[in-house]
There are 2 protein chains.
Amino acid sequence: MSIGSQVEKARQYCEQKGARFTHLRETVYALLLDKEGAVGAYDLLDTLKETETNAKPATVYRTLDFLLEFGLIHRLESTNAFVACHHFGCSHPVQFLICDKCGLVKEIQSEGLQDTLVKQAESYGFQVSKQTIEAHGLCSACQ
Amino acid sequence: MSIGSQVEKARQYCEQKGARFTHLRETVYALLLDKEGAVGAYDLLDTLKETETNAKPATVYRTLDFLLEFGLIHRLESTNAFVACHHFGCSHPVQFLICDKCGLVKEIQSEGLQDTLVKQAESYGFQVSKQTIEAHGLCSACQ
DNA sequence: TATACTTCGCTAAAATGTAACGATAAATGT
DNA sequence: ACATTTATCGTTACATTTTAGCGAAGTATA
Ligand SMILES: [Zn+2]
Ligand SMILES: [Zn+2]
Ligand SMILES: [Zn+2]
Ligand SMILES: [Zn+2]
C-alpha cells in the first residue's frame with residue numbers, strides 16, 4: 001500500500017476515534033512509513049526540521065507519544081527507535097525481527113508465539129498485559 | 001541459594017575463565033542479587049556510593065558491561081535496568097516476566113518459546129542471533 | 001462570542017549512557 | 001627482582017535520550 005493511502009487510513013482511524021491527525025502527526029507518521037527500518041527520535045528530528053524549521057526534541061516526542069498511544073507506530077525497546085505499524089486498529093501482539101546489518105525491521109504476528117508466552121507466564125501465575133519480543137539477527141538478504 | 005554462595009560461584013566462574021572478579025564487580029553483583037527486581041544504573045550508583053565513595057557513572061557502566069559480558073547479569077531493554085542472573089554458565093535464552101506493580105522480575109527459560117521464535121524467524125528467512133523477550137504484567141501476588 | 005479543551009513553540013533540565021586519558025594494579029617474561 | 005605488557009580504575013567531560021512546565025495559538029462546542 002502506498003504511503004499516501006496509508007496516511008489517509010490513519011487519518012480516518014484517528015478522526016473516527018475523535019483524535020486530531022494534525023499536520024505534525026501526519027508528517028511524522030509519513031516519515032516513518034518511508035523507512036524500511038526504525039528511526040531514532042533525533043534522526044527523526046533532523047529530517048523533520050527540513051520542513052518544520054522550529055521542531056524541537058519535545059515536538060518529536062510529543063508527536064511520537066500520540067502515535068504510540070493510538071497504535072500507529074511501535075517503539076523498539078532494544079534500540080530506542082520507532083517504526084511505523086502498517087496494520088493498526090486490529091489489536092495485535094508486537095513482535096519484531098531486526099536485521100543488525102541493514103537495519104530492516106519486520107513486524108510479525110505469530111499467534112503461536114503469543115500463546116506460548118502467555119501460557120508460560122500463566123504457569124508461573126503471571127498475567128501478561130504487554131509483551132516485548134525483539135529478535136536481532138540477519139535478514140535473508142544480509143546473511 | 002544465599003547471596004554469599006552465589007557470589008562465590010560467580011568468583012570461581014570468572015577466575016576459571018581467566019577474568020578478574022574484582023571488589024567492584026563483586027559488590028555490584030551482590031547488590032543486584034539482593035534485589036527481587038531490576039535496578040537502574042543510577043539507582044545502583046547511589047547505593048554503590050555508600051561504600052565506594054568515588055563511584056561515578058562510568059564506574060557503574062564499566063562494571064555492568066563486565067557482568068553482562070560474562071553473563072552474570074542481564075539487561076532489561078524495556079526498563080533500562082539490570083537484573084542478576086542466578087544460573088550463568090549454562091548458555092540460555094533470556095526471557096523475563098516483569099511485574100509492573102511490585103517490580104518483581106522472574107527469569108524463565110522456555111525452550112518452546114525460544115524454538116517458536118526461531119522457527120517463525122526462519123520462515124521469513126531471518127537468522128536470529130539474540131532475542132529479547134520481556135512480558136510485562138502482574139505477578140500472582142499483585143493480581 | 002464565550003468557553004473549554006487540545007495542540008504547539010519554547011526553554012530548561014532530568015535521566016541515561018560514552019569517550020578519553022592518565023594513574024594504579026596485576027599478570028607475564030626475563 | 002626487574003622490566004614489559006595488560007587490565008582495571010579514577011576522573012573529567014561530554015553525548016544521547018527523554019520529560020516537565022508554561023503560556024500562546026488553534027479548535028470544538030454551545
Ligand atoms: Zn503493529
Ligand atoms: Zn539485512
Ligand atoms: Zn539468566
Ligand atoms: Zn507483583
Side-chain angles (χ1 to χ4, degrees), chain A residues 10-11 13-29 31-32 37-70 72-83 103 132 134, chain B residues 10-11 13-29 31-32 37-70 72-83 103 132 134:
Chain A
R11 171 186 309 287
Y13 180 67
C14 287
E15 290 178 351
Q16 165 208 326
K17 292 194 123 195
R20 289 157 58 192
F21 197 59
T22 65
H23 175 64
L24 263 178
R25 292 163 181 178
E26 174 175 336
T27 306
V28 169
Y29 182 57
L31 284 179
L32 285 175
V39 189
Y42 276 71
D43 285 348
L44 207 47
L45 176 56
D46 287 341
T47 311
L48 190 61
K49 274 180 175 164
E50 292 173 8
T51 59
E52 319 294 315
T53 49
N54 44 12
K56 298 278 183 323
T59 317
V60 170
Y61 279 102
R62 264 197 306 232
T63 308
L64 291 172
D65 281 347
F66 173 89
L67 296 173
L68 283 171
E69 186 182 344
F70 282 81
L72 299 177
I73 65 174
H74 299 293
R75 176 193 161 88
L76 299 194
E77 304 290 356
S78 57
T79 54
N80 298 329
F82 302 85
V83 61
T132 299
E134 300 178 11
Chain B
R11 172 187 306 287
Y13 179 67
C14 286
E15 289 179 352
Q16 165 207 329
K17 291 192 123 195
R20 289 160 55 193
F21 197 58
T22 65
H23 175 65
L24 263 177
R25 291 164 182 176
E26 174 175 337
T27 305
V28 170
Y29 183 57
L31 283 177
L32 285 175
V39 188
Y42 279 73
D43 284 348
L44 207 46
L45 176 56
D46 287 341
T47 310
L48 191 60
K49 274 180 176 162
E50 292 172 8
T51 58
E52 320 293 314
T53 49
N54 44 11
K56 299 277 183 325
T59 317
V60 170
Y61 279 103
R62 267 196 303 230
T63 308
L64 290 172
D65 281 347
F66 173 88
L67 296 172
L68 282 171
E69 188 182 343
F70 282 81
L72 299 179
I73 65 174
H74 299 294
R75 177 194 161 88
L76 299 194
E77 304 289 356
S78 58
T79 54
N80 298 329
F82 302 85
V83 61
T132 298
E134 299 176 11

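The structure presented is a predicted model; accordingly, all values stated were derived computationally and were not measured. First the proteins, then the strands, lettered A, B, ... as listed; each starts at 1.
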### Message
Checking side-chain polar atoms at under 3.5 Å, does Glu134(B) have a donor or acceptor matched by the opposite partner on Ser78(B)?
### Response
yes

Here the distance between atom C1' of dT19(D) and atom CZ of Phe66(A), to the nearest Å, is 19 Å

Between CG of Asp65(A) and P of dT18(D) the distance, given in whole Å, is 10 Å

| request: Could you tell me whether the side chain of Val39(B) reaches within less than 4.5 Å of the side chain of Leu32(B), counting heavy atoms only? | output: yes

Check your understanding: Would a 4.5 Å heavy-atom cut-off, applied to side chains only, mark Val28(B) and Ile73(B) as touching?
Key -> no

With a 4.5 Å cut-off on side-chain heavy atoms, are Leu24(B) and Leu48(B) touching? yes

In whole angstroms, the gap separating C1' of dT19(D) from CD of Glu69(A) amounts to 16 Å

Whole-Å distance, Tyr61(B) OH to dA20(C) P, equals 18 Å

Rounded to whole Å, the CG-C1' distance (Leu64(A) to dT18(D)) equals 11 Å

Of Phe82(B) and Arg25(A), the one whose closest nucleotide on DNA chain C sits nearer the 5' end is Arg25(A)

Among dC9(D), dC8(C), dT17(D), the one nearest any side-chain atom of Arg62(B) is dC9(D)

Closest heavy-atom pair, Arg75(A) versus Asn80(A), reported as atoms and distance to 0.1 Å, is NH2-OD1, 3.0 Å

query: Is Glu77(B) close to Thr132(A) at the side-chain level, that is, under 4.5 Å between some pair of heavy atoms?
result: no

Regarding the side chain of Arg20(B), the nearest nucleotide among dT27(D), dT17(D), dA7(D) is dA7(D)

Rounded to whole Å, CG of Asn80(B) lies from C1' of dT16(D) at a distance of 12 Å

Out of dC8(C), dG17(C), dT8(D), minimum distance to the side chain of Thr22(A) belongs to dC8(C)

Between CG of Leu76(A) and C1' of dT17(D) the distance, given in whole Å, is 15 Å

Is the shortest heavy-atom distance from the side chain of Leu72(A) to the side chain of Phe21(A) under 4.5 Å? yes

Residues in residues 47-58 of chain A with a heavy atom under 4.0 Å of DNA chain D, by number, are Pro57(A), Ala58(A)

When rounded to whole Å, the CZ to P distance for the pair Phe21(A) and dT7(C) reads 13 Å

